[in-house]
Amino acid sequence: MPSNHSKPLSNLAVCLYLCCTPLLAAGAYEKAPEGDVLVPLPQEQQLAFRVVPLGIGGEPFAGKEFFVGGRGSEGFKETPTRVRLSGTAVLECAGKPDWCLLFGKCEVTCAQWAAVMGEPAPDAASAGLPKVSVSRAQVSVFIEKANQLLYQNATALAGLTSLTKSSRLFFRLPDEAEWEFVARGGNAVDSGHFDKSTPYTDALNKHEWYAGSESSNGRIRPAGKLAPNPLGVHDMLGNAAEFVESLYHIEYVQGRSGGVPRRGGDFLTPEKELRSSLRKEVPACQTNGDPYRTDTTGFRLVIGSAVIPDIAAANDLEIAWNDYAKTRVAVQPSLPANASLKQQTAVEIADIGKLLEEIIGSRNVSHTGGETLDAKFNLLRPQIESLQARIEGGEKYYATGAVKLASIASVLSLDYSKRIGAYAGSEDAVVQLAVQKLHKNIARAKETMKESCMMLGQINAAIVSRTFEARIDELQALSKTENDPGYAVQARCTEVAKEMAMAYVNHRRLDFDAWLSGLERVLRE
């Protein structure tokens, strides 16, 4: 599959390779593959990273937006979620600066593990196998030691710094968004293939190890032996599942933090289950307290960099921010809970608009076929459902306010009527003025009741009814817990308000006589 970008300048990768070779034993390398960044390790080992352009240019606050998650019926574990990538370093790609990821070309092998951890080199049969049966904590130790080795190797560090123009680099695990972007083929595939379950156009067993005699045959296989994905990265969806640098969240961004996400399938995963969105949660430890580790889970590294490595970089970002902020449209994978309904709805509508444009474009792309359209529609469905949920949430919010308004208007009108009744028969001028004022107050309460009914008339009738019932139940409960009969009276007034409001919602009829008669019944009780 041809890339949408020219390959990154390979001389940068070769330059780093040449910088590193004096530290290695003779014959450790033959040639730095085009687009690879090579970092030497002890025991004549090396770590290879692919340069993955994001296609967003080199501006300080540029970002790549896309959807992680399934495109079919994978359920809540893989709900499509909008995310944003901004890359690790700006490199020259297709003759222009572009933010890029420096992504592990293969899973970390047993030989690489031994080299970093200072263990004896494994035998030839296992040296190239992905390192599995390690806990997440052990992976952290490996990364710490790998970073120590990097900073002890002045030539390798200088090569990376020259390549990335960053003085604060380090190894880490990829996060979920980075991992899935690469697993889907990134910008090396069109949007149709990006949204498929895998980015391949030929047989899956040419690229990934999975369960079955036509593939892994029940055994983990050496890393990097099959054809890579369109970005030149190996074994993303099979062989060993991979830890990522995140905590497991439902919907990727839901508030509750859990265990560790494990991405991709492994050599025991059936072919039909292998997909770019596949994610599972694993605990930090077993039920007996031992660290969680399995012979199907390993990891790969990426090269990360500090966002603000020094004061000069902070100053540059501050200057760039002043211009960026003038036209900035905030991109938030998860809007805060206190975001306005308008903000939340605007984001959903923007997403739907983009997806509709892609669907229209896909109609004219014959080689993607119906599968592409299905994937786009499956992305569109949760966005529409989310928008509907936001609208219903807004209706519930406004219904609650309008119901309380109707309840208060009814309680006040009852109180005014009660006081007028107490003044009945008096001819005192002061009392008569007070009675006139109370009648005016009842008129204002009627206007408030009218406004409440008109507000509720714009809301789904079932939501209005449920909101009234919730308010009545709340007042009745307070009457019992507070031992205050006043709350019971308020509950009865709210029942009367509900009768009038539902008459307007269902029939657009404002019957103030029935409302006042109902309040008089409450007054006589």
*Report yes or no: do R221 and S215 form a side-chain donor-acceptor pair below 3.5 Å?*
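On atom types as modelled, these side chains do not qualify, holding no pair under 3.5 Å.
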
*asked:* Under a 3.5 Å cutoff, is there a donor and acceptor pairing between the side chains of T297 and R293?
replied: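 Checked: T297/R293 side chains show no N/O donor-acceptor pair below 3.5 Å.
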
How many angstroms lie between atom [atom1] of [X] and atom [atom2] of [Y], to the nearest 0.5 angstrom?
| X | Y | atom1 | atom2 | answer |
| --- | --- | --- | --- | --- |
| K77 | K280 | NZ | NZ | 7.5 Å |
| S135 | F243 | OG | CZ | 7.0 Å |
| W209 | L268 | CH2 | CG | 13.5 Å |
| T269 | E271 | OG1 | CD | 11.5 Å |
| K105 | L231 | NZ | CG | 12.0 Å |
| T198 | L204 | OG1 | CG | 5.5 Å |

Between [X] and [Y] (side chain of the first, backbone of the second, donor and acceptor by atom type, cut-off under 3.5 Å), is there such a pair?
| X | Y | value |
| --- | --- | --- |
| Y200 | P230 | no |
| D98 | I56 | yes |
| E178 | D175 | yes |
| S86 | A62 | yes |
| D235 | G224 | yes |
| R263 | A241 | no |
| E65 | R82 | no |
| N147 | L150 | no |
| S276 | S197 | yes |
| R300 | G104 | yes |

*Can a cation-pi geometry be assigned to R279 and Y248, taking NZ or CZ under 6.0 Å from the six-membered ring centre and within 45° of the ring axis?*
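Relative to the ring axis of Y248, which defines the angle, R279 lies inside both limits.
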
Nearest heavy-atom neighbours spanning [X] and [Y]:
| X | Y | value |
| --- | --- | --- |
| K131 | V134 | CE-CG1, 3.7 Å |
| D266 | R262 | OD2-NH2, 3.7 Å |
| G289 | C285 | O-CB, 3.9 Å |

*Going by an N to O cut-off under 4.0 Å, is there a salt bridge joining E245 and R136?*
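A salt bridge is present here (some side-chain N lies under 4.0 Å from a carboxylate O).
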
*Pair S246-E176, side-chain hydrogen bond (donor to acceptor under 3.5 Å, both in side chains): steps then yes or no*: CA-CA 7 Å; S246 310; E176 286 205 80; 4.7 Å; no

*Which residue, Q45, E119, K145, forms the side-chain contact (heavy atoms from CB on, under 4.5 Å) with W113?*
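Among the candidates, only E119 passes.
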
